[in-house]
Amino acid sequence: MKFGVSVSTFPTNFGPILFPGDLDRNIKTIADLGYQEIDLFIKYAGEPGLQETLEIIKQTGISIGIIAAVSAFVDDGLFLSSPDKNVRNELITRMKDQISLASEVGANVPVGTIRGSEGGEDREKWLAESLNILNDHAIDNDVKILLEPVNRYESQLINSVPDAITFIDKYDLPKFDLLVDVFHMNIEDKSILESLKKARGRIGHVHFADSNRLVPGMGHLDWDGIFSTLFEIGYDSICSIEAIPGNNPEKDAEFAYGYLVEKFNSNTLPRD
Ligand code: LER
Ligand code: MN
């Protein structure tokens with residue numbers, strides 16, 4: 001299992017990034033704390049300075065689990081279920097570049113908030129159309145797209161893990177796996193642990209935050225249960241913290257790393 005943390009190449013309006021901006025400095029701090037992975041939030045694939053940043057990341061030996069670009073939605077208003085075909089196409093063009101970039105650095109691409117916030121049959125259809133195009137591009141680039149259920153206050157489309165599994169199967173998206181975020185699952189899923197079991201074999205990435213979206217250990221989620229269930233279903237890949245920074249993100253990241261290692265070590269066997 002690799003533990004990671006979310007970072008962005010720029011100071012962003014998107015909240016749950018522990019280390020926004022100042023990446024050249026932050027990446028070293030993150031590596032020194034022991035983290036092995038980052039979720040990299042960018043503006044767009046051709047963003048100035050990105051290649052230099054990728055080179056610095058490479059030198060630290062930290063891997064990039066996902067390349068996300070939520071900014072396309074929160075700053076530029078683009079979303080994949082838009083009724084406006086031009087909006088969808090503009091975003092699809094950007095996301096194709098994002099997928100190609102992810103392929104170059106061995107990362108995957110998430111689809112969470114970028115779906116758009118409103119629901120309904122039409123929007124679901126437009127979303128499926130967009131995702132089918134991205135699925136084909138992901139096949140060409142051998143990148144996984146990770147569909148992330150997000151809570152109802154962010155999107156009406158695909159809120160729970162069972163919703164995401166139904167969607168992928170209904171629209172036949174072979175390059176899609178799941179990104180499960182325990183913060184959203186705590187709001188939407190009937191049982192976090194049962195949903196993890198249902199998603200067995202289909203999870204490509206996990207987002208960690210506590211019940212209040214602070215770092216793990218600062219809220220009241222059942223981390224023993226989460227770890228023992230991840231072990232039980234054989235999930236051994238990335239668990240990356242996507243949490244709201246408090247006054248001292250470095251201290252939070254240090255605390256959370258120690259907390260996660262302790263939970264990892266004390267839950268290597270499934271509980272009965
Ligand atoms: C949004 O709340 C989220 O969890 C992200 O991973 C981006 O979609
Ligand atoms: Mn997330």
Side-chain angles (χ1 to χ4, degrees), residues 2-10 12-20 37-44 64-82 91 94-95 98-99 102 107-119 123 127 130-131 134 144-161 163-164 167-168 176-189 192 195-196 199 202-216 219 221 226 230 235 237-245 256 260:
K2 275 186 187 177
F3 293 132
V5 67
S6 52
V7 304
S8 60
T9 54
F10 60 105
T12 170
N13 293 327
F14 177 67
I17 295 187
L18 212 51
F19 292 100
E37 185 269 351
I38 51 166
D39 283 4
L40 180 62
F41 287 74
I42 63 172
K43 277 188 187 154
Y44 56 93
I64 303 173
I66 56 171
I67 295 199
V70 186
S71 163
F73 180 56
V74 292
D75 297 322
D76 304 334
L78 305 176
F79 55 104
L80 290 167
S81 63
S82 171
L91 182 54
R94 278 203 204 188
M95 288 189 73
Q98 190 186 333
I99 290 169
N108 293 316
V109 168
V111 170
T113 309
I114 199 76
R115 291 195 286 281
S117 44
E118 285 177 47
R123 298 208 181 214
L127 174 65
S130 303
L131 293 184
L134 294 178
K144 281 269 181 197
I145 303 183
L146 304 173
L147 188 60
E148 179 181 16
V150 298
N151 73 72
R152 67 192 68 187
Y153 309 107
E154 288 188 28
S155 179
Q156 305 284 314
L157 290 162
I158 311 171
N159 299 129
S160 67
V161 168
D163 286 352
F167 187 94
I168 291 171
F176 276 62
D177 271 340
L178 301 171
L179 193 170
V180 298
D181 183 326
V182 295
F183 169 76
H184 296 299
M185 291 173 83
N186 185 48
I187 296 170
E188 294 294 345
D189 288 62
I192 295 179
S195 282
L196 289 175
R202 306 182 71 157
I203 302 176
H205 198 93
V206 177
H207 274 165
F208 272 178
D210 221 313
S211 48
N212 44 17
R213 221 173 196 181
L214 298 176
V215 298
L221 286 193
I226 290 168
L230 290 174
Y235 182 79
S237 190
I238 297 163
C239 295
S240 200
I241 297 174
E242 189 185 52
I244 296 164
L260 292 178

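FYI, the numbering just counts along the sequence from 1. Order of appearance sets the numbers: ligands from 1, and atoms from 1 within every ligand.
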Which atoms from ligand 1 have a heavy atom of [X] less than 4.0 Å away?
{"X": "Glu242", "result": "3 (C), 4 (O), 5 (C), 6 (O)"}
{"X": "Asp181", "result": "4 (O)"}
{"X": "His184", "result": "1 (C), 2 (O), 3 (C), 4 (O)"}
{"X": "Gly112", "result": "8 (O)"}
{"X": "His207", "result": "6 (O)"}

[X]: which N/O/S atom is nearest the Mn ion (ligand 2)?
{"X": "Glu148", "result": "OE2"}
{"X": "His207", "result": "ND1"}
{"X": "Glu242", "result": "OE1"}
{"X": "Asp181", "result": "OD2"}

- Message: Would Arg213 count as a contact residue for ligand 1, given that I'm defining contact as a non-hydrogen atom of the residue lying under 4.0 Å from a ligand atom?
- Response: yes
- Item | contact_flag Phe14 ligand 1 heavy-atom lt 4.0 Å | yes
Ion pair check, [X] and [Y], cut-off under 4.0 Å:
{"X": "Arg202", "Y": "Asp177", "result": "no"}
{"X": "Glu37", "Y": "Lys2", "result": "no"}
{"X": "Asp76", "Y": "Arg94", "result": "yes"}
{"X": "Arg115", "Y": "Glu148", "result": "no"}
{"X": "Glu118", "Y": "Arg152", "result": "no"}

- Task: Dump the intermediate steps for side chain to side chain contact (heavy atoms under 4.5 Å, CB included) on Phe208 and Val206, then the final yes or no.
- Result: CA-CA 6 Å; Phe208 272 178; Val206 177; 3.6 Å; yes
- Taking the side chain as every heavy atom from C-beta outward, state whether Phe176 and Leu131 have any atom pair closer than 4.5 Å. yes
- With distance as the sole criterion, is a donor-acceptor pair present between the side chains of Ser195 and Asp189 under 3.5 Å? yes
